[in-house]
Amino acid sequence: MKKTLFTLSILGSILGFSQETKDNNDSKLKEKEIESVVITKTKKAVEQKADRTIFDFSEQPSLNSGSLMEGVKKLPGLVVSDMVGMMYQGKPLDVYMDGRPLNISSNELNAFLEGMPANSVERIEIITQPGAEFPATSGGAILNIITSKSAKNYLTAVYNGGYRFSSYDKYRSRFNNSIALNSRNKWFGWQVNLGQYYRESLSLSELDALTRNHSNSLGRTYYMNSAFTFELGKDRLLLNYDINHNNGNADVTSDNFLNNTSTSNFTNNNGLRQEVAATYQKKFEDKNKKLDFKAIYTNSNSEFNQFGAQSLNNSSLFNLYNFRIDYSQPLKILDEGKMSFGGLYDQQNFETKNGSLINLDYTRQTTSAYMEFQATLKKFDFIAGARAENYDITGITRFHDKGILKESNLNPFKKFKVFPNASVQYNVMKQLFVNVNYNKKITLPSVSLLNPNNNTLITETVTSSGNPNLQPTIFDNAEIKISAFDYAYIGYNTSWVKDQIVQKVSRENNVIKNEQVQVNSIRTHNFNFGMPIPFMLFTTPFSELMKFNVNPDKMNLLYVYTGYQVQEMPDIKTKGFWIFSLMGQFILPKDIRLQANYNVIPKGGNFYYFQIEKPLNNAFDLTISKKFMADRLNLSLYARDIFNQNKSVIVANSLDGKVFTSNKFDSRSFGITVNYKIPTKNKLAKEDPNMIKTTNQSDSNGGILQQGQ
């Protein structure tokens, strides 16, 4: 009972923080008029809406120092690991950038996020309840990376740089540099973001007392994002061209415990991704009425080679052609409403090679249409819609069997399906609401899982490959959630899953086999809770607290997040696992900010066929930052995994027994980041919206497109 009363008192205090005192006289209101405008423009660290949670990166030194992958790992409720993958509040995430899917494999995704500096990101939107206007393949949730805004009109520049090091068996460095340019004249505007990232890293792994790997790797990333916008009367034409190049190598020493031998392998990988997009936005007198036409072409190719004790020569080629139309307009439904509808055509071609042999030729065509209605009645918000999608997935796989080349067709998937969605939100009071949601979704196997060459290293004791015969996964999702003031929430969601794709590790004699399999029927349960606890709650009388109109981003507080997930499997008995995250924010003298983060998944739980033997994602981080020169210069010092506890130790369960796995990387590191905004000489220059890979969902009514994996 005491714990319940204490929790209720905290929630009541937060409710009080959000209220404005009504006994201020008119003169005080006038005196604080300018101040209130400043508060309105202050960016929130976390903003929670009915269908998404928004994390601001631009003003959060603890998030925007280091790589984007490091920043993503710090988001409360988000888990990134080799075992779990990428998951938010129990939901698997599809990754998009500025409203468009990255269209890269899971192996390339880690390199992409690791190779992108976090300070090149404006914010991250996690769309937890994708409606009908999103493709049915959007799955449980979407992580949408919104790149940074350019500074001002005319010609401006913003520089970002950082350096970080670790010291284990030897000294390793990582550094990044980028510059964002923006210019506008009376005919057109352009924006360019150029950058590079260099990283040295260590990985130590052990498998079932059979083998131990020591990997010393080096990676380089170079990227350019560009945009040109033309104003055609009231309409707008936006052209984008993006290019990203990754290359790296690794020296891997493998110790075989059975025969006391060691082998060495050298790996090299190269990847080039290019994307061209054109968007035509038709404008109307009514700003709430929108019509967008969008076409995208994406080309991505990669190559992986291994030399030494074992040899590999694998490559892949991916092409995407995408066209869509989105339209929305207000409707007089109940108190107010909106109607949206649109269509999409998407074709993806994926080809993999093992040497000169084309061992996978895969084609996917998707044609879809959607319609969705939104309405408001007093304190209720309603959303109802449906999306119809037609799939035509075919392919051929080739392989050698005892020296004989064989060819077989993939299991085709040619179906027409309808995916409904519905949501009801009750706004109890300002910024306090209860939401109930249902949606039906589908996840198509990613090209990396289908790829027979899906491996990053082979040894005499380890084999790994994709499964070209995987079928789509169908989800029926239901959720109830209570949210308060963008920061506090409690929620429960459950999913009925058919043909879930899961990773399975097994041992046959002295060989470890890593494969992808499908489980016919799975039920998942997720519980999530997040709450900010202001320190002033313990030092200020309650009567005084009620007088404050507090911005949580400007106060000392502790943010607590916890989550619990359990998967009901048909063939094994599983236990749920907990996720804990603590974030402490401290405003020191001279406006110096100190932030401490601690994240952990305790041992004992199961994630599908894996059992957590030791605490996972166990890390304590510190960041201290200060702004100078009228906030144009931002300097941050940080330390990651100070106690060197971040290690993955799990046991894979299978019918053949259990397989012990352990992995440790150079997680303890120290670094510095610098962000400098070069001021414009034109005092009349106004803020120009970001046009580099823009059109997020709120700007263009359904800017998120068909996932390309």
Side-chain angles (χ1 to χ4, degrees), residues 40 47-54 96 98-100 123 125 127-136 138 142 144 146 229 231-238 279-294 323-344 368-389 418-439 481 483 486 687 689-691 694-706:
T40 301
E47 184 176 2
Q48 193 162 313
K49 296 186 176 181
D51 65 337
R52 72 192 65 193
T53 303
I54 302 172
Y96 289 70
D98 294 302
R100 302 204 300 275
R123 66 184 185 278
E125 298 179 342
I127 303 164
T128 53
Q129 299 177 12
E133 55 190 315
F134 299 92
S138 54
I142 296 168
N144 188 23
I146 308 298
T229 178
E231 305 296 335
L232 308 176
K234 293 183 179 180
D235 301 338
R236 173 179 292 176
L237 175 64
L238 175 64
T279 304
Y280 184 83
Q281 298 176 330
K282 176 68 178 176
K283 303 295 182 180
F284 300 91
E285 294 295 333
D286 186 347
K287 293 184 179 180
N288 294 316
K289 189 176 181 180
K290 296 181 181 180
L291 176 61
D292 291 351
F293 302 88
K294 186 178 302 180
F323 177 76
R324 70 176 299 154
I325 301 174
D326 292 287
Y327 176 79
S328 67
Q329 71 169 43
L331 284 182
K332 292 184 178 180
I333 306 176
L334 303 178
D335 293 340
E336 85 178 289
K338 173 187 173 183
M339 175 186 69
S340 304
F341 64 86
L344 165 72
S368 63
Y370 74 88
M371 179 170 286
E372 187 174 77
F373 295 91
Q374 300 181 23
T376 300
L377 177 62
K378 296 182 179 179
K379 290 188 175 183
F380 286 91
D381 295 328
F382 303 94
I383 300 176
R387 187 177 189 94
E389 299 200 346
V418 177
F419 301 90
N421 71 285
S423 177
V424 178
Q425 179 171 301
Y426 177 64
N427 302 293
V428 181
M429 56 182 291
K430 185 179 180 181
Q431 290 190 304
L432 175 63
F433 61 83
V434 181
N435 184 279
V436 179
N437 175 272
Y438 166 79
N439 60 65
K481 188 175 183 180
S483 297
D486 301 326
E687 191 78 12
N690 178 37
M691 291 301 168
T694 187
T695 62
N696 56 53
Q697 176 63 21
S698 59
D699 293 335
S700 65
N701 179 39
I704 291 184
L705 302 179
Q706 171 77 25

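- The shortest non-hydrogen separation linking K290 to F284 is C-CE1, 4.1 Å.
- Across every non-hydrogen atom of F419 and E389, the tightest pair is CE1-CB, 4.2 Å.
- By the ring pair (Phe, Tyr, Trp, His ring centres under 6.0 Å) test, F373 pairs with no residue at all, sequence neighbours left out.
- Annotation: side chain of E372 is in contact with side chain of N421 (closest heavy-atom distance under 4.5 Å).
- Taking every heavy atom of both residues into account, A375 and L334 meet most closely at CB-CD1, 4.1 Å.
- By the side chain to side chain contact (heavy atoms under 4.5 Å, CB included) test, A369 is found to be paired with no residue, residues two or more places apart in sequence or in another chain being considered.
- Taken from CD in Q281 to CD in E231, the straight-line distance is 9.0 Å, to the nearest 0.5 Å.
- For the atom pair F433 CZ and Y426 OH, the distance stands at 14.0 Å (nearest 0.5 Å).
- To the nearest 0.5 Å, atoms NZ (K282) and CZ (F293) are separated by 9.0 Å.
- Nearest heavy atom pair, residue D235 against residue K283, reads OD1-N, 3.0 Å.
- Residues S368 and R387 approach most closely at OG-NH2, 3.1 Å, considering heavy atoms.
- Between atom CD of residue Q374 and atom CG of residue L331 there is a gap of 10.5 Å, rounded to the nearest 0.5 Å.
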**OP:** List the steps and the verdict of side-chain contact (heavy atoms from CB on, under 4.5 Å) for D326 and L344.
**Re:** CA-CA 9 Å; D326 292 287; L344 165 72; over 6 Å; no
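- Looking only at distances, a side-chain donor or acceptor of D335 sits under 3.5 Å from a matching main-chain atom of K378.
- Side-chain atoms of Q329 and Y327 form a donor-acceptor pair, as typed in the model, at a separation below 3.5 Å.
- Between the side chains of N437 and N435, no donor N or O sits under 3.5 Å from an acceptor N or O.
- Every side chain to side chain contact (heavy atoms under 4.5 Å, CB included) that D381 has, sequence neighbours left out, goes to T376, Q425, N427.
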